[in-house]
Every structure is written in C-alpha cells, then in structure tokens.
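To start, the structure under review is shown below, and the notes come after it.
Because the structure is a prediction, the values reported are computed rather than measured. Throughout, protein chains are lettered first and strands after them, A, B, ... in sequence-line order, and every chain is numbered starting at 1.
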2 protein chains.
Amino acid sequence: MTKVKNINTWLTHLTNESKTSISVDCVIFGYDDEGLKVLLIDCNMPPYEGKKSLLGDLVQQNETLEDAVIRVLQRRTTLTDLYFEEVKAYSDPNRHPLGRVVTIAYYSFIKISDYKIHDSEDKHLEWIPINDIDKLAFDHRLILDESYKSLRKKIRNHPIGFTLMPEKFTLMQLQNFYETVLQIKMDRRNFRRKLNSLDLLIDLNEIQNNVSHRPAKLYSFDFKKYNRLMEIGVLDFAI
Amino acid sequence: MTKVKNINTWLTHLTNESKTSISVDCVIFGYDDEGLKVLLIDCNMPPYEGKKSLLGDLVQQNETLEDAVIRVLQRRTTLTDLYFEEVKAYSDPNRHPLGRVVTIAYYSFIKISDYKIHDSEDKHLEWIPINDIDKLAFDHRLILDESYKSLRKKIRNHPIGFTLMPEKFTLMQLQNFYETVLQIKMDRRNFRRKLNSLDLLIDLNEIQNNVSHRPAKLYSFDFKKYNRLMEIGVLDFAI
DNA sequence: AATGTGTGTGTCACTTTGACGCAAAGATAA
DNA sequence: TTATCTTTGCGTCAAAGTGACACACACATT
C-alpha cells in the first residue's frame, strides 16, 4: 500500500523549506460626496517605484488573517465596527519582488470622513477616485478589479450602502450612492418604489433646508428592523 | 516621519519567523444517481484518529494554490477539465495540530463515475453521502458547511449542473439533480418552463426505453450556445 | 412675480412567478 | 385483452414585480 503523503492524514513535520510568507492586502473603498475612492499608498519598492499600492501587511504567527486585516485597517482610523469581506488568494510565485508571498485580498468600505489620516506621517497615503487609478504596483490592479467586482455584487444584496450614508439622508443621496458605486443609471421613480417596498427606511418627517429648490424629505435606515428580519431569515434585500 | 512598516511600501526582508505553512483543502462534491456525496479520507493524526477529513496538501514553493488544488484533485482521477472554486481561507493559529497551517479551501464538483479510486492504495478514501457526514477532523466540518453553502449559491447561476448529467438526460433527471443539491422541492411544470425559457437544451428527439411508464424525452445541454451567450454577456442564467 | 432646479407622485404594458389538474404512454399484472 | 400503475407532458390563472414615462410642487434667487 502506497503511503499517500497528505497533510490531513499522516503525521508529517512542517519543514521550513515549504513555508512561505503570507500577507493580507486591503482594498479600502471610501465614499464621500465626490464619489467612490480607494485608499492607496506610494510604493517605493523596486521595480515599482512611483507606483501606488494597496495597504497590506505580513500576517504574524499568532494572529488570524482577519486579525491582520483589522490591524491594517485600524492603523489609521478610529473606526471600531469595521466591515470587510474576503475576496481571493493570490499566489503566483513571482508576484512579489521580495520573494514568495501569498496574499489574501480583502475589501472594506467606509465613510471617508470617518477615516483619520495623520498627515504628517502619511503624506504618501491618498484617496484616489476609482476612475483615476491606472497601473498599480505588484498585482494590485488585478486585486482591485476583482474586489470592485465583488463589491458591486455584494452591495445589491446587503445594506452596506446605508452605513455609508449620513445619519439623515435623502432618497436622492442614496440613489446617487448606488449609481456611483454600481456605475449605472437608475430611474428615480422606480428606485423610490423599490426602497419603499423594502420598508426599511424611517421617514424622519424632516426636510432639507437652505437648498435652492424644493427641499427633500430626510430618512434614516432601520437597522434594527433589518437585523430582526435577517435573523428570522425573511428578507429579500435587492436593489 | 514615522516609517510605517508595510510589506507593500518599503523593503523588508522576509524572515523565517513570520513564514508559515500553507495548504489547500478540497471539498470534492460528487453526484451520482444515489445523490450528493463528498470524498473523504481517514485521518490518523492525533487527536483526530477515527475521524474523516477533506483531501488537501501543502502548497509547494514553486506552485500556485491552483496548481496545488489540481495536484490534489488529479491524484486519483483521470479528469482533465477540472472545475473548482475558491471558498475561503482558514487561519486560526490552532487549527492544525502540527503547527500553524493556513489553509485555503476550494470545492470541486464531479461525476462520481468519472472519478477512479484505486482501491488497493486508497481503502481509506470514500464517498460519503452529504447527509451522513458527522464531525470531521480539524475545522473541516466548518469548511464543508461553508463550501456547500457556496456551492448551492453558485449552482443556481452557473451551468455546473449540466456537466454532471449524462450526455443525454431527461428533464426529471435534471430536476432531481437540482432538488438533491439544493435540498429543496421544485414544481415540475414550473421547472420545465424555466428550462425552456433558457433555451439551452437540445431536444434530441429520442426517448427513454425499457422504463415501465411513459418514456421521457432525452435532451443534451447546448454548451456552445451557452458559451457564446456568456461571451457577449447576454445571459441571465438562473434556476 | 417670474425663473430655475430638484422633489414627489401614478399608470400602463409586459414579464415573471407560484399554484394547480388531467390526459397520454409505456410496462406489468390479472 | 384489459385494468392498473407510474411517470411524462402540457396550459391557465392570479399576483407580484419591472421598466418606461410626464407633470405639478416647493423653495431660493432674481
């Protein structure tokens, strides 16, 4: 009987030769009234000098990948309730000039105003509008593209968008958000009908003021109701 | 200016201390007329003696994760056109008794009849019906559950199912497949209408014979048309 | 008082979905 | 030969959802 070497069956020792470095890379999407942006950092590493890259770091021995992601995300933010999703692992042996580094990509999505960048130490850190991004260092352009695709899919079925709105928002602000992120146009009346049928918006009985046109009504999102419906599994959230 | 240590910005050397072992684990789903099964192997590793585990292996220095998956899948099969999907990375520092092993989980889905198991050397390898699986070694039960969830989602929007049918199949065989995998009941007439509206089945103008009831018509799947429609991006595949 | 600008609303035609019953085809048993 | 069994194949109806589309209103500005 041929002994099939397999890490899940027989005892094997883990040799150093087969160990590799693991990193996490985060596509940090940000939203503000200017649109959708991604947080990028200057990369000084040959041969990618002058290019920008995603934020990431090596995973330490005693932490999970998620721990590492939280570390990367929290280094420059005061956010505690961080949202992130795993996208994919990238493992081309030549993807990193320092040697073999397998990276797991994640994306996050935050309100730009909640993200405090300490200018003095982070001159090289910048929010770049998604449509202005050209080539990136490493395979980060690929990672970005696949993450963005993943985000667009996710956002239609999960209320991520609402966490990025101000506490009180108008329906037009919300629609702009979806149009910007999804890069599509939506019909105003149909959008409103859809949102109405979800029945997850709270009409605050307030209106905008100081706008030079008919003021819009303000709403907030009913997170409580959303969570309740999700728990009992009765929610068809789709925008 | 505080230098932010970051693998994507400044040169750092990759120390051995931060390197870890990486493995891939494959949830190999199989389908035959008895239903949906998973290929499992006996695990002799303390403390999991007597339990079963997924198939997996360590990732070698010069291969991608996908290479490793193909290696694991092809060890016991003659299949060449392997389908697999990445599910998620599992990185709990204590998930493996041999030491730290980060694993990336994949699932595959094949026709059981296409999978040749060499009995003599693989007595410990077995197809287990999905509903008969109890606890597994390591965190493999969790991996299985999340993979199965992922598969159920995928299968409604991708024609994976058709590759698991015999070349010629009846609509009832196809419906059974979806009912088995999704673990739901479907209305026969509505199912047929749906399939018909997709317009991807070829009516072979043949019927079953030697069945003790009205013989069903035989169909095959129009992979050519499917691929053509996918390329031009005009296909709303949903079952 | 007129203008500009974004807000708020309803309808119609079309498609999709879920629920549902009955006759036909072949094999088998009486 | 006939009756019975089992599975196939088909159509309709009501309900819900989708996409397209136009006009009056409210506020600020001039």
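- Regarding B:Asp236, its CG atom lies at a distance of 12 Å from the C1' atom of C:dT15, rounded to whole Å.
- Listed for the B:His140 side chain is a donor-acceptor partner under 3.5 Å among the backbone atoms of B:Leu54.
- Screening residues 134-148 of chain B for salt bridge (Lys or Arg N to Asp or Glu O under 4.0 Å) gives B:Arg95-B:Asp139, B:Arg141-B:Asp145 as the qualifying pairs, with residues at least two apart or on separate chains.
- Residue-to-nucleotide proximity on DNA chain D shows that, of B:Tyr219 and A:Asn209, the 5′-proximal contact is made by B:Tyr219.
- Atom CG in B:Asn210 sits roughly 16 Å away from atom P in D:dT7 (whole-Å rounding).
- Of the listed nucleotides (D:dA26, D:dT8, D:dT29), D:dA26 has the atom at the smallest distance from the side chain of A:Arg214.
- Taking a 4.0 Å limit (strictly below) on heavy-atom distances, residues 176-195 of chain A reaches DNA chain C at A:Arg188, A:Arg189, A:Arg192, A:Arg193.
- Here C:dG8 is the nucleotide among C:dA27, D:dG9, C:dG8 with the atom lying nearest to any side-chain atom of A:Lys217.
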Tabulate below the donor-acceptor pairs under 3.5 Å that side-chain atoms of residues 167-176 of chain A make, not counting sequence neighbours, or state none.
from: A:Lys168; atom 1: NZ; to: A:Glu206; atom 2: OE1; distance (Å): 3.0
from: A:Lys168; atom 1: NZ; to: A:Glu206; atom 2: OE2; distance (Å): 3.0
from: A:Thr170; atom 1: OG1; to: A:Met172; atom 2: N; distance (Å): 3.4
from: A:Thr170; atom 1: OG1; to: A:Gln173; atom 2: N; distance (Å): 3.1
from: A:Gln173; atom 1: OE1; to: A:Thr170; atom 2: N; distance (Å): 2.9
from: A:Gln175; atom 1: NE2; to: A:Glu179; atom 2: OE2; distance (Å): 3.0
from: A:Gln175; atom 1: NE2; to: A:Met186; atom 2: O; distance (Å): 2.9
from: A:Asn176; atom 1: ND2; to: A:Met172; atom 2: O; distance (Å): 3.4

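- Under the ring-ring contact (aromatic ring centres under 6.0 Å, His included) criterion, B:Tyr106 pairs with B:Phe84, not counting sequence neighbours.
- Shown here are the salt bridge (Lys or Arg N to Asp or Glu O under 4.0 Å) partners of B:Lys37, two or more places apart in sequence or in another chain: B:Asp32, B:Glu34.
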In a table with atom names and distances, give each donor-acceptor pair under 3.5 Å that connects a side chain of residues 223-235 of chain A to protein atoms at least two apart or in another chain.
from: A:Lys225; atom 1: NZ; to: A:Asp199; atom 2: O; distance (Å): 3.1
from: A:Lys225; atom 1: NZ; to: A:Asp199; atom 2: OD2; distance (Å): 2.9
from: A:Asn227; atom 1: ND2; to: A:Phe223; atom 2: O; distance (Å): 3.2

